[in-house]
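Structure first, commentary second.
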Amino acid sequence: MEELWLIIAIAVGIISIAIAIAFLTRKKKQAIQDDALLTLGITLVVLGIIFGDDRLVGYSFIGVGVLLSIISAVRGLRKK
């Protein structure tokens, strides 16, 4: 059963990274991109909390989520 949750967590991580890359490569509607990065970051932090039983998966999600949130904040400061 643990292998199933690990596979699901890895799949969600790969999908979220693909979505982030898709939003970063688009140059249209920059404000929406920043909001999308922030939303994705918060989602990954919540997933990290949910999958907190397995430290490797949980901390990985939290780390990537915080990193995306920081990138979104820095981009927002540079635009102003």
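Start at 1 with the first residue, then count along the sequence.
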Residue set satisfying side-chain contact (heavy atoms from CB on, under 4.5 Å) with L67, at least two apart, ordered chain then number -> I71
Go through the structure and list residues passing side-chain contact (heavy atoms from CB on, under 4.5 Å) with L56, not counting sequence neighbours. D54, S60
Check [X] against [Y] and note the closest heavy-atom contact, atom names and distance.
{"X": "V64", "Y": "L44", "value": "CG1-CD1, 3.5 Å"}
{"X": "T39", "Y": "T43", "value": "O-OG1, 2.7 Å"}
{"X": "A9", "Y": "V57", "value": "CB-CG1, 3.5 Å"}
{"X": "S72", "Y": "L37", "value": "CB-CB, 4.0 Å"}
{"X": "G41", "Y": "L68", "value": "CA-CB, 4.1 Å"}
{"X": "V12", "Y": "L47", "value": "CG1-CD1, 3.3 Å"}

CZ (F61) and CD1 (I50) are apart, to the nearest 0.5 Å, by 9.5 Å
